There are 2 protein chains.
Amino acid sequence: MKKPEFGLLGYALLGLLHDNPSSGYALRKVVALTPMSSFSDSPGAIYPALRRLRKAGLIRGRLEKSSGLRRRQVFHLTPAGIRELKQWLALPPSRDEVMRRMDELSLRFAFMDQVMGKNASVQFLRAMERELEAYVPSLHEYLAAAKSQMPLSARLALESGVRGYETQLRWTREALAAYEKHK
Amino acid sequence: MKKPEFGLLGYALLGLLHDNPSSGYALRKVVALTPMSSFSDSPGAIYPALRRLRKAGLIRGRLEKSSGLRRRQVFHLTPAGIRELKQWLALPPSRDEVMRRMDELSLRFAFMDQVMGKNASVQFLRAMERELEAYVPSLHEYLAAAKSQMPLSARLALESGVRGYETQLRWTREALAAYEKHK
DNA sequence: CCGTGCATGTAATTCGTTACATGATTCC
DNA sequence: GGAATCATGTAACGAATTACATGCACGG
């Protein structure tokens, strides 16, 4: 009996619903109109994802007839949904995530303060700092070893990736400083 | 009659095969051991992708019995494969790609010098610079308008994204400078 | 009465993932 | 003889994409 998994989109929706119970249509607009646009706002993505969450008992919908329009359903988290969201947010950033799924880490962190509190945010940032501090030097090593045999554009593309991780590390440290000052 | 599409992985494989005809196993190792690890190196990803490319006539395999091991197949691009690769590489970076698919742009650029020549690389970078110059200010606007209502971690997560695009823009300019000097 | 915006959904297809299966060779 | 490495593949499943379908209400 394996634990069911909900995609990144599923968790994104849980996070959005935690603070603002919303209809599917409203969620689509949030995804489309904010810098969450790495997700698809197509109905074929959002509505099936909501149905999966509902079937798993993580969200419940209230039908609203009031506003003269077509019936719409406002979803909110159930206690099980809150538990699932917190469990996901509590995962510390792993090496693998830092290397290949920074987008998921950003998403987790974005919800962190509201759902888990500032202490959890600081823990999260510290773990991310550790992983990045280990990963960035290994990228530099690879680059130093490989650069001489690469065409210019390939080398530059690789350097662009390394820059990204360095920027992320700098950001992590500044974010930690922001929490320090905030206390 | 719609033009068939090959996934990002398909084009990655075409790009790798352009300079180094390789077996599926060798391609898996390249994906696993270099910073191309955003792709999956699982056989369930690589082999079906190769079969699709072969069926479309973009690659051909030569069976090698020589080395005592199990029979292995070394793939190389056909003329149609080279055409398809070039057509993909010739696409100028669009606004949408800059916003949500920077990974694909990096991949295109990595193969650019070898397959299309340095002039194409410069054209590509100039277009990317234009798109980023238009996009970054709009992100700043959004951030300025929204930041006051956001919890700290959400604001910081958003700022991390903006930093990423700024870094990318700086990199683009430096890359252009590198090509200037190279001439 | 027609287009636009609000609002929800399904169908076909494609692709990736995990897990499994197979087979040959070399090293210990 | 058994583990590790080379090498290729399939099957079941899950999830996203595009495209289509539906229905209500309001403004011009």
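Remember, it's a predicted structure, so these values are computed and weren't measured experimentally. Each chain gets a letter, A, B and so on, in the order the sequences are listed, and its residues count up from 1.
- Relative ring orientation between A/Y165 and A/Y135 is described as perpendicular, the plane-to-plane angle rising above 60° on a 0-90° scale split at 30° and 60°.
- Of the side-chain N and O atoms in B/R51, one or more sit less than 4.0 angstrom from OP1 or OP2 of D/dT10.
- Judged as a side chain to side chain contact (heavy atoms under 4.5 Å, CB included), and not counting sequence neighbours, the contacts of B/R62 are B/H76.
- Straight-line distance from the CD atom of B/Q73 to the P atom of D/dG9: 6 Å, rounded to whole Å.
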* What do the steps show when you test A/Y179 against A/N119 for side chain to side chain donor-acceptor pair (under 3.5 Å), and what is the final call? -> CA-CA 9 Å; A/Y179 277 99; A/N119 201 47; over 6 Å; no
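- B/S40 has a side-chain polar atom (N or O) that falls below the 4.0 Å cut-off from OP1 or OP2 of C/dT17.
- If you check D/dC6, C/dT10, C/dT17 against the side chain of B/K29, the one that comes closest is D/dC6.
- A/R28 has no side-chain polar atom (N or O) that falls below the 4.0 Å cut-off from OP1 or OP2 of C/dG5.
- The side chain of A/L9 lies closest to D/dA16 when the candidates are C/dT18, D/dA16, C/dG16.
- If you take CG of B/L50 and P of D/dG9, they are 9 Å apart, rounded to a whole angstrom.
- Ring geometry for A/Y11 against A/W88 counts as parallel: the plane angle stays under 30°, on a 0 to 90° scale with 60° as the upper cut.
- A close approach under 4.0 Å does not occur between any side-chain nitrogen or oxygen of B/Y47 and OP1 or OP2 of D/dG9.
- Atoms CG (A/L63) and C1' (D/dG23) sit 15 Å apart, rounded to a whole Å.
- Residue A/R72 places none of its side-chain N or O atoms closer than 4.0 Å to OP1 or OP2 of C/dT8.
- Taking side-chain N and O atoms only, B/Y25 has a distance below 4.0 Å to OP1 or OP2 of D/dC6.
- At the phosphate of D/dA25, neither OP1 nor OP2 sits under 4.0 Å from any side-chain N or O atom of A/R71.
- Within the structure, a side-chain polar atom (N or O) of A/S23 is placed less than 4.0 Å from OP1 or OP2 of C/dT8.
- Taking atom CZ on B/F75 and atom P on D/dA7, their separation rounds to 13 Å, with Å as the unit.
- Following rounding to the nearest Å, B/R101 (CZ) and D/dA16 (P) show an atom-to-atom distance of 16 Å.
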* Give the C-alpha distance, both sets of side-chain angles, the deciding distance and a yes or no for salt bridge (Lys or Arg N to Asp or Glu O under 4.0 Å) between B/R163 and B/E159. => CA-CA 6 Å; B/R163 287 284 188 92; B/E159 279 172 6; over 6 Å; no
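- For the pair B/R52 CZ and D/dT10 C1', the interatomic distance rounds to 14 Å; values are reported in whole Å.
- Atom CG in A/L8 sits roughly 18 Å away from atom P in C/dG16 (whole-Å rounding).
- For the pair B/D103 CG and C/dG16 P, the computed distance is 13 Å after rounding to whole Å.
- Residue contacts for A/G44: at a heavy-atom cut-off of 4.0 Å it reaches a base atom on one of the strands shown.
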